[in-house]
Amino acid sequence: MNRHDFLIIGSGVAGLSLALKVARHGTVAVVTKRARSDSNTAWAQGGVASVTSTEDSFELHIRDTLVAGAGLCDERAVRAIITDGPAAIRQLTELGVHFDERVLENGHRELDLGREGGHSKRRVLHYRDTTGREIEQCLLNAVEKNPNIQLLENHMAVDLITTGKLGYTTEDRVVGSYVLDETNGEVKALRSDRVILATGGCGKVYLYTTNPSIATGDGVAMAWRAGAAIENMEFIQFHPTCLYHPEARSFLISEAVRGEGARLIDESGREFMGKYHEQKALAPRDVVARAIDAEMKRTGSQCMYLDITQKPPDFIRERFPNIYKSCLALGIDITERPIPVVPAAHYQCGGVKTDLDGATNLRGLFAIGEVACTGLHGANRLASNSLLEAVVLAERCAQALLRPKYAKYHQEVDLPEWRPGNAQDVDELVVIYHNWDEIRRLMWDYVGIVRTNKRLQRASTRLRNLHREIQDFYWGFKLTTELLELRNLCTVASLIVDSALARKESRGLHYTLDFPSTDDERFLRNTILQRY
Ligand SMILES: Cc1cc2nc3c(=O)[nH]c(=O)nc-3n(C[C@H](O)[C@H](O)[C@H](O)COP(=O)(O)OP(=O)(O)OC[C@H]3O[C@@H](n4cnc5c(N)ncnc54)[C@H](O)[C@@H]3O)c2cc1C
């Protein structure tokens, strides 16, 4: 049995930031299911929102966040995270993270702040359009030099181990995790009194997503099975314009393209946004996403198109070099023809319910980053607030983990070895891929941007059957990453559907044709699901 003072699951910005902070106080294991840099973090483009300019203020950032959250933000969380922002940015720069600067007319330099939808001021710190990669790389460099941190790649957490599951009748607490070593198929028991989920989001539950393949909602599914409270899973943010191409399912076409005058058109070249909003293609993100979805459903088309060809080719090449080159590599010259786009699942606003230290309702279990729900985002995330939240919560959680309240327990618990029983090798991977595909498709068709009770019920019935089938695989076959991810996807999909069914109103990112208005009297509250 492996013992560690801290067991961190996930190597994105949240997990790595925390590892560096607690490594001064004990041994740390970071398990990560693929290569060390495979994470949503590495894909983040826009940047980190924080108040750094004298023209901006905490109050304005707080107000913008509360407005986006449509009544469900926890104002205490919003205030704490936003006011901790500048210190978090300082910690990143001390680790070597660069943010772009610009030179003023008087020769002085200042941060080159970006402005994004919903922000009343320029406040997004960025490094070109690859901010996430810059942060991930700097954190990894520091982690690799730290002898107290053991980074285990290709190790996938299977489930949390609780004293309840081990048969103890006193307080239930988390005491470790079973982890699949993918290099040899062995399942190890990792023992720790402080287990931190930093597993990111669940974009892969949908057919179209901007998220990389690691985003299968494992942390939420594991926490749910262990008995943790899960909050607000109906609020999934969709990005309106993801490139529609069989070889590039996750490539974002930035909002800035619409900012420069691109029009949204259908297959026959007809502009359609005027029907939906006076600002046309520049309407808020959720409005544009819903409009594209409605046009696709109405016309039966696979995608809509974003047309910037009215701008001079040189301007397009200079202003959007990355988008121009990436599309050209796929045979689409965006100076000559419209870009095929679909909305795509982008960010999970809900997650494992935590306090402002990252503590969950289960002793010994913490959650930080996209997997967690602190109350910052409410019913809709303000752009670029998520990297900020991950860094701030890593600091707050590190401080909390050192308090006597969360110190190691004196009563020792031994973990039983994993018993594979009579499990066979998976004989037909096709069955797993088929179920995986079915979940993603049904979530896209029935639980997407625009919902109805009937569609949600249909999804619920189908997911119940799939759940039974997947449980049979789980107990009958030797564990593989594919099988574990399928099991987690099914659980998370069910949590999204159940949460959406419970909210009989439209608010923020949850929009249902059956209840198109917001109903503060009955639903100005969070949706909480808990197994025990
Ligand atoms: C295309 C794109 C652009 C974005 N742009 C921005 C932006 O500009 N600004 C912003 O604030 N946010 C942005 N976001 C969101 C932001 O990137 C994420 O919310 C944030 O990076 C999440 O960090 P994290 O550490 O919580 O999770 P992640 O970075 O996703 O890391 C999760 C880690 O957990 C590991 N893991 C998962 N399950 C398991 C398991 N069972 N066992 C072991 N390891 C596991 C993964 O392999 C990974 O290492 C963007 C997201 C995407 C996809």
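Predicted, not measured: the structure shown is a model, and the values here were computed from it. Counting starts at 1 for both ligands and their atoms, following the listed order.
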* To do: Around atom 22 (C) of ligand 1, find the nearest protein heavy atom and jot down its residue, atom name and distance.
  => E370 OE1, 3.8 Å
* Got a sec: does the NE2 of H25 have more than 12 other heavy atoms crowding it under 6.0 Å? -> yes
* Compute the shortest N/O to N/O distance between K33 and ligand 1 and return yes if it is under 3.5 Å, no if not. => yes
* Applying a 4.0 Å heavy-atom criterion (strictly less than), which segment of A390 is in contact with ligand 1: side chain, backbone, both, or neither? -> neither
* To do: May I ask you to list the atoms of ligand 1 that are less than 4.0 angstrom from any heavy atom of V31?
  => 43 (C), 44 (N)
* For atom 11 (O) of ligand 1, the option (of L388, L484, L387) bearing the nearest heavy atom -> L387
* To do: Check the pair C202 / V220 against side chain to side chain contact (heavy atoms under 4.5 Å, CB included), numbers first and verdict last.
  => CA-CA 9 Å; C202 69; V220 168; over 6 Å; no
* Fit a plane to each ring of F366 and Y406, take the angle between them on a 0 to 90° scale, and name the class: parallel (under 30°), tilted (30 to 60°) or perpendicular (over 60°). => perpendicular
* Which of the atoms of ligand 1 are close to Y347, meaning less than 4.0 Å from one of its heavy atoms? -> 19 (O)
* Asked: Taking K33 as the fixed residue, which of T216, D38, T481, T199 is the one that meets the side-chain hydrogen bond (donor to acceptor under 3.5 Å, both in side chains) rule?
  -> T216
* **Option whose closest heavy atom lies nearest to atom 14 (N) of ligand 1, chosen from R381, H155, E485** => R381
* To do: Starting from atom 7 (C) of ligand 1, find the nearest protein heavy-atom neighbour and note its residue, name and distance.
  => G47 O, 3.6 Å
* Considering only protein heavy atoms, which is closest to atom 23 (O) of ligand 1, and at what distance to one decimal place? -> T41 OG1, 3.2 Å
* Structure fact -> Contact region, A42 to ligand 1, non-hydrogen atoms below 4.0 Å, reads neither
* Structure fact -> In ligand 1, the atoms that come under 4.0 Å of a heavy atom of G46 are 7 (C), 8 (O)
* Q45 heavy atoms, cut-off 4.0 Å: which ligand 1 atoms fall inside? -> 3 (C), 4 (C), 5 (N), 8 (O)
* Just jot down the ligand 1 atoms closer than 4.0 angstrom to any heavy atom of S384, in number order. => 7 (C), 8 (O), 9 (N), 10 (C), 11 (O)
* Structure fact -> So the atoms of ligand 1 within less than 4.0 Å of a heavy atom of G12 turn out to be 25 (O), 29 (O), 31 (O), 33 (C), 49 (O)
* Asked: Is the closest side-chain heavy-atom distance between T354 and I368 below 4.5 Å?
  -> no
* To do: For the pair F235 and H510, name the ring-plane relationship: parallel under 30°, tilted 30 to 60°, perpendicular over 60°.
  => perpendicular
* In the protein, which heavy atom is nearest to atom 10 (C) of ligand 1, and how far is it? -> S386 OG, 3.3 Å
* Got a sec: does the CZ of R133 have more than 12 other heavy atoms crowding it under 6.0 Å? -> no
* Is any side-chain N of the basic residue among R34 and E485 closer than 4.0 Å to the acidic one's carboxylate O? -> yes
* **K353 and Q530: side chain donor to acceptor below 3.5 Å** => no
* Asked: Who's the nearest protein heavy-atom neighbour of atom 51 (C) of ligand 1, and how far?
  -> H346 CE1, 4.0 Å
* To do: With the side chain counted from C-beta on, respond yes when L264 and V341 share a heavy-atom pair under 4.5 Å apart, and no when they do not.
  => yes
* Quick one: does R173's side chain have a donor or acceptor within less than 3.5 Å of a partner on G364's backbone? -> no
* Note the single closest protein heavy atom to atom 46 (C) of ligand 1, along with its residue, its atom name and the distance in Å. => D38 O, 3.8 Å
* Nearest protein heavy-atom contact for atom 30 (O) of ligand 1: which residue, which atom, what distance? -> N40 N, 3.0 Å
* For R441, look at atom CZ and say whether over 12 heavy atoms of other residues, nucleotides or ligands are found less than 6.0 Å away. => no
* Structure fact -> When distances are taken from atom 4 (C) of ligand 1, the protein heavy atom at minimum range is A44 CA, 3.4 Å
* **Y208 side chain reached by F238 side chain, heavy atoms, under 4.5 Å** => no
* Do H126 side-chain atoms and D112 backbone N/O form a donor-acceptor pair below 3.5 Å? -> yes
* R34 to ligand 1: N or O pair under 3.5 Å? -> no
* Asked: What atoms of ligand 1 come closer than 4.0 angstrom to any heavy atom of G369?
  -> 26 (O)
* **N or O pair under 3.5 Å between D218 and ligand 1** => yes
* **Heteroatom distance test (V13, ligand 1): nitrogen or oxygen, under 3.5 angstrom** => yes
* To do: Compute the shortest N/O to N/O distance between M222 and ligand 1 and return yes if it is under 3.5 Å, no if not.
  => no
* Asked: So which heavy atom on G378 is nearest to which on N232, and how close?
  -> O-ND2, 4.5 Å
* For A198 and ligand 1, answer yes if some heavy atom of the residue is under 4.0 Å from a ligand atom, otherwise no. => yes
